[in-house]
Amino acid sequence: MNIESRHYHGVAAHYDNLAGHGIYGTLAPHNRGGRKSEYVGAVFDAAMLPLIRGQRFASLLDFGCGTGVFSRQAADLIEGVVGVDVSPLILDVARGVCAQMPNVQLLLIDGEHLPFGDVSFDCAVARETLCYVPDARLEIVFAEVYRTLTPGGRFLVIDQVSNDPYWQTYAGTPQQVKRAPSDIRSCAARAGFLLQDEYAVRTPRFPAVYLAWSGLVPRFLFPKLARFETTWHRKRRQPVHRWWDAMFQFVKPP
């Protein structure tokens, strides 16, 4: 087994373990799918769903779809959604989540070799997925996504990032790296992508997460609170924190 295979085997094992924590188990994993995990999912939805709502996307690739929470929501807006992931057990959860969505297809793949033809999708998304791709393979992944997008297609990325080497790795998730945003931009540019926009959508100690986590805010208000958080971070533009979740909006030139 080569280094890359061992790496992806470790990522799959990590997410297989998280599968038992329910549909939000992959978000804020230490919360085991609880209120904090659900709120983080609401933040990502608040940041990403408006970017596809109202667009004329016929097809979408959910790269690293996890439990299928986003795939299910995207399926209400887009004709066809394909979710791919490296974890068999997490995909079992996703099949349950998307069971009533006939326009969602879920596949087990490593991401470096997408089994789709050129220009197959109008849009691709990756939510905290690229941080699990090895440094040496990141440009390959960008190139594969680029190949499968139609001209003018968009690649929307939310990823954990950091400019401080101390925070870029964590012993609890040795397969993950919080790259500097400049490294992500460079890999995307070498694959041919143009950067449309970049901004923070979440920082780990933002007060809203504690309101949600503690139960001071009822679950039905999570989407509203999440929209406030994403708007606040986007206006600030330059987060001052050890690490943050950044949104990158890339486009394949027409």
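Only this structure's heavy atoms are used, side chains among them; waters, hydrogens and symmetry mates stay out. By convention here, the first residue in the shown sequence is residue 1. This is a predicted model, so every value here is computed, not measured.
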Can you check whether Ala13's main-chain N or O pairs, donor with acceptor, with Asn17's side chain at less than 3.5 Å? yes

Just to verify, what does Ser162 make a side chain to side chain donor-acceptor pair (under 3.5 Å) with, not counting sequence neighbours? none

Would you say Val11 and Leu89 are hydrophobically clustered, going by side-chain heavy atoms of ILVMFWY under 4.5 Å? no

Which residues pass the side chain to side chain contact (heavy atoms under 4.5 Å, CB included) test with Pro218, not counting sequence neighbours? Phe220, Leu221

Partner residues of Pro253 under the side chain to side chain contact (heavy atoms under 4.5 Å, CB included) criterion, sequence neighbours left out: Tyr146, Leu194

Which residue in the set Val97, Asn103, Asp62 passes side chain to side chain contact (heavy atoms under 4.5 Å, CB included) when paired with Ser71? Asp62

Determine whether the aromatic ring centres of residues Phe57 and Phe121 are separated by less than 6.0 angstrom. no

Tell me which pairs pass salt bridge (charged side-chain N to carboxylate O under 4.0 Å, His left out) where either residue lies in residues 214-226, with sequence neighbours left out. Glu38-Arg219

Taking the side chain as C-beta and beyond, is there a heavy-atom pair between Gln249 and Leu51 under 4.5 Å? yes

Test log, rule ring pair (Phe, Tyr, Trp, His ring centres under 6.0 Å), inputs Tyr199 and Phe248: CA-CA 7 Å; Tyr199 45 90; Phe248 301 86; 9.1 Å; no

Could you tell me which residues satisfy side chain to side chain donor-acceptor pair (under 3.5 Å) with Asp92, sequence neighbours excluded, listed by chain and number? Arg95

What pairs meet the salt bridge (charged side-chain N to carboxylate O under 4.0 Å, His left out) rule with one or both residues in residues 74-90, with sequence neighbours excluded? none

Heavy-atom donor-acceptor pair, Asp45 side chain to Leu49 backbone, under 3.5 Å: no

Are the side chains of Lys36 and Val209 in touch, meaning some heavy atoms are under 4.5 Å apart? yes

Taken in chain and number order and not counting sequence neighbours, the residues that satisfy salt bridge (Lys or Arg N to Asp or Glu O under 4.0 Å) with Arg147 are Asp118, Glu144

Run the side chain to side chain contact (heavy atoms under 4.5 Å, CB included) test against Ala226 and tell me which residues pass, sequence neighbours left out. Tyr39, Ala42, Val43, Ala46

Go through the side-chain N and O atoms of Gln175 and Tyr8 and say whether any donor and acceptor fall under 3.5 Å apart. no

Using the rule that Ile, Leu, Val, Met, Phe, Trp and Tyr join whenever any side-chain heavy atoms are under 4.5 Å apart, tell me whether Val251 and Ile78 fall into a single cluster. no

Quick note, salt bridge (charged side-chain N to carboxylate O under 4.0 Å, His left out) partners involving residues 201-212, not counting sequence neighbours, are Arg202-Asp245

Applying side chain to side chain donor-acceptor pair (under 3.5 Å), name anything that partners Thr230, two or more places apart in sequence or on another chain. none

Common cluster, Leu60/Leu77, ILVMFWY with side-chain heavy-atom separation under 4.5 Å: yes

Can you check side-chain hydrogen bond (donor to acceptor under 3.5 Å, both in side chains) on Thr203 and His233, steps first, answer last? CA-CA 8 Å; Thr203 49; His233 281 112; 2.8 Å; yes

Please determine whether residues Leu130 and Val177 belong to a single hydrophobic cluster, defined as Ile, Leu, Val, Met, Phe, Trp and Tyr linked transitively by side-chain heavy-atom distances below 4.5 Å. no

Kindly state each residue pair satisfying salt bridge (charged side-chain N to carboxylate O under 4.0 Å, His left out) with at least one member in residues 175-186, sequence neighbours excluded. Asp135-Arg179, Arg185-Glu198

Cation-pi check, Arg127 to Phe44: give yes when NZ or CZ is under 6.0 Å from the six-membered ring centre and within 45° of the ring axis, no otherwise. no

Could you walk me through whether Val84 and Cys65 pass the side chain to side chain contact (heavy atoms under 4.5 Å, CB included) test, one step at a time? CA-CA 6 Å; Val84 300; Cys65 64; 5.8 Å; no

Starting from Val201, can I reach Val40 by hopping between I/L/V/M/F/W/Y residues whose side chains sit under 4.5 Å apart? yes

How long is the gap from CG on Leu61 to CG on Leu114, to the nearest 0.5 Å? 6.0 Å

Check for a donor-acceptor pair, side chain of Asn163 on one end and backbone N or O of Ala180 on the other, with a separation under 3.5 Å. no

Sort and list the pairs that fulfil ring pair (Phe, Tyr, Trp, His ring centres under 6.0 Å) and have at least one residue in residues 159-187, not counting sequence neighbours. none

